[in-house]
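Presented below is the structure to which this report refers.
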Amino acid sequence: MSKLLKVLNPAITQYRDRRFEGSEADWENALATSTTIYVGNLAFTTREEQLYDVFGRVGHIKRIVMGLDKMQKTPCGFAFAIYYTRKDAEEAVAFLNGTLVDDRAIRVDLDWGFVEGRQYGRGRSGGQVRDEFRQDYDPGRGGYGKLVQAD
Ligand code: GTA
C-alpha cells in the first residue's frame with residue numbers, strides 16, 4: 001500500500017466480503033495487489049458515463065461494472081471500477097472518496113477484485129443488503145428501505 005493511502009486510510013478496508021472463498025492470506029494478498037475499487041452510495045439514476053468522468057480523473061480505467069438489482073437488472077446504487085495500475089486504484093480511494101456525484105457523497109473503497117456475479121445486489125429483494133435494512137427515506141435510492149416498505 002502506498003504511504004499516501006496508509007495515512008488517509010490506515011485500515012486498508014473495513015469491509016469483509018462474506019462470499020470470498022480463499023484463506024485469510026489469500027484475502028490479504030488480493031487486497032494488497034488488486035486494481036479494483038468499489039463505489040457505494042450512488043443514486044440509482046447515476047450512469048456509467050458519469051463514473052468514467054469522475055474516476056478517469058485519477059487514471060486510465062480498464063472497465064466499469066455497474067451494480068445491478070439481481071431481479072430487475074437495473075442499477076442499484078454501486079459499481080466497481082477497474083484500473084490498469086495499483087497506483088491509480090489507490091489514488092482513487094485517497095482522492096475521490098466523498099466526492100459528490102448527483103449530489104451524493106460517494107464511498108470509494110479498495111476492493112479485492114471483480115469476479116462475475118459480484119455485480120448483483122445480495123439483498124433478498126434483489127438490491128443491496130443495506131437497502132433492505134435502512135430506516136431512512138432516500139429518494140435517490142428508491143425511498144424507504146425494503147423492509148420498511150413491506151411493513
Ligand atoms: N469492496 O463496502 C464495500 C462493499 N459493499 C457494501 C458491498 N460490496 C462491497 N465491496 C467493497 N466494499 O459484490 C460488494 C459486495 C458485492 C456487491 C453487492 O458489492 O461484495 P451487497 O451490498 O448487496 O451485499 O453487495 P454485501 O456486501 O454482502 O452486504 P453485507 O456485508 O451483508 O452488508 C452491507 C451493509 O448492510 C452492512 O455494513 C450494514 O450497514 C448493512 N446490514 C447488513 N445486514 C444488516 C442487518 N441485519 N441489519 C441492519 N443493517 C444491515
Side-chain angles (χ1 to χ4, degrees), residues 1-2 5-6 8-48 50-51 54-55 58-59 61-102 104-138 140-151:
M1 182 168 39
S2 74
L5 198 56
K6 251 188 204 151
L8 294 173
N9 184 7
I12 193 163
T13 176
Q14 304 290 324
Y15 177 75
R16 177 78 200 215
D17 186 352
R18 298 172 283 124
R19 300 202 190 169
F20 182 80
E21 285 180 353
S23 65
E24 192 60 32
D26 294 335
W27 171 256
E28 278 168 20
N29 184 50
L31 274 179
T33 55
S34 168
T35 61
T36 301
I37 57 164
Y38 164 89
V39 187
N41 199 33
L42 293 171
F44 291 175
T45 47
T46 296
R47 297 287 165 238
E48 193 172 319
Q50 292 168 269
L51 299 182
V54 173
F55 290 96
V58 298
I61 296 167
K62 192 191 280 184
R63 185 177 171 200
I64 284 185
V65 182
M66 296 301 284
L68 300 176
D69 181 297
K70 70 172 171 280
M71 320 284 191
Q72 318 283 339
K73 306 291 187 287
T74 52
C76 72
F78 72 99
F80 296 99
I82 305 160
Y83 286 95
Y84 286 97
T85 70
R86 172 70 180 189
K87 179 173 169 286
D88 290 347
E90 289 193 6
E91 289 192 354
V93 177
F95 297 131
L96 298 176
N97 187 39
T99 299
L100 291 185
V101 177
D102 287 332
R104 303 175 68 89
I106 58 171
R107 201 164 74 73
V108 183
D109 190 28
L110 206 53
D111 184 71
W112 66 268
F114 175 73
V115 291
E116 185 52 38
R118 289 197 67 207
Q119 70 271 45
Y120 296 116
R122 295 173 177 173
R124 289 188 64 181
S125 46
Q128 278 202 275
V129 171
R130 56 169 285 216
D131 284 317
E132 299 281 311
F133 296 103
R134 62 179 174 72
Q135 304 283 315
D136 62 328
Y137 182 77
D138 186 342
R141 292 182 67 103
Y144 285 109
K146 290 289 190 308
L147 290 178
V148 174
Q149 286 184 32
D151 265 354

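For ligands, and for the atoms within them, numbers begin at 1 and follow the listed sequence.
For the pair Y120 and ligand 1, the shortest N or O to N or O distance does not fall below 3.5 Å.
Under the 30°/60° scheme for interplanar angles, the aromatic rings of F20 and W112 are found to stand perpendicular.
At least one donor-acceptor pair under 3.5 Å links the side chain of K70 to the backbone N or O of G123. Checked by atom type and distance alone, the side chain of R141 never pairs as donor or acceptor with a backbone atom of D131 at under 3.5 Å. Looking at T46, its side chain never comes within 3.5 Å of a backbone N or O of L42 through a donor-acceptor pair. Using modelled atom types, one side-chain atom of E132 and one backbone atom of S125 make a donor-acceptor pair closer than 3.5 Å. Remark: the backbone N or O of V108 is paired with a side-chain donor or acceptor of N97 at under 3.5 angstrom.
Atom 18 (C) of ligand 1 has F78 CZ, 3.6 Å as its closest protein atom, hydrogens excluded (heavy atom only). From the protein, the heavy atom lying nearest to atom 12 (N) of ligand 1 is D109 OD2, 2.7 Å. Summary of contacts: the protein heavy atom closest to atom 25 (O) of ligand 1 is R122 CD, 3.9 Å. Here the heavy atom of the protein found nearest to atom 6 (C) of ligand 1 is Y38 OH, 3.5 Å.
Using a non-hydrogen distance threshold of 4.0 Å, L110 registers as a contact of ligand 1. Ligand 1 lies less than 4.0 angstrom from a heavy atom belonging to F80. Using a non-hydrogen distance threshold of 4.0 Å, E132 does not register as a contact of ligand 1.
Using modelled atom types, one finds no donor on one side chain facing an acceptor on the other under 3.5 Å when comparing D69 with T74. A donor and an acceptor atom, one from each side chain of N41 and R104, are located under 3.5 Å apart.
Interface of Q128 with ligand 1, defined as ligand atoms under 4.0 Å from a residue heavy atom, comprises 7 (C), 21 (P), 22 (O), 23 (O). In summary, the atoms of ligand 1 found under 4.0 Å from a heavy atom of D111, numbered by their order in the structure, are 1 (N), 10 (N), 11 (C). The D17 neighbourhood of ligand 1 comprises atoms 20 (O), with distances under 4.0 Å to a heavy atom of that residue. Interface atoms of ligand 1 facing R130, defined by a heavy-atom separation under 4.0 Å, are 36 (O).
Under the 4.0 Å criterion applied to side-chain N and carboxylate O atoms, R16 and E24 are assigned as salt-bridge partners. Salt bridge D151/K146: absent, no basic N to carboxylate O contact under 4.0 Å.
For the residues R118, R19, K70, the heavy atom positioned nearest atom 14 (C) of ligand 1 is part of R118. Compare F20, W112, Y15, F133 by their heavy atoms: the one nearest to atom 31 (O) of ligand 1 is in Y15. Among R18, Q119, Q14, R16, the residue whose heavy atom lies closest to atom 28 (O) of ligand 1 is R18.
Protein non-hydrogen atoms do not reach within 4.0 Å of atom 37 (C) of ligand 1. Counting only heavy atoms, the protein gets under 4.0 Å from atom 1 (N) of ligand 1. For atom 40 (O) of ligand 1, no protein heavy-atom neighbour is found at a distance under 4.0 Å. Counting only heavy atoms, the protein gets under 4.0 Å from atom 51 (C) of ligand 1.
At a 4.0 Å heavy-atom cut-off, ligand 1 touches V129 through backbone and side chain alike.
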For salt bridge (charged side-chain N to carboxylate O under 4.0 Å, His left out), just list the numbers for K62 and D88, CA-CA rounded to whole Å, side-chain angles, deciding distance to a tenth of an Å, and then say yes or no. CA-CA 11 Å; K62 192 191 280 184; D88 290 347; over 6 Å; no
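In this structure the side chain of V93 reaches within 4.5 angstrom of the side chain of L110, judged on heavy atoms.
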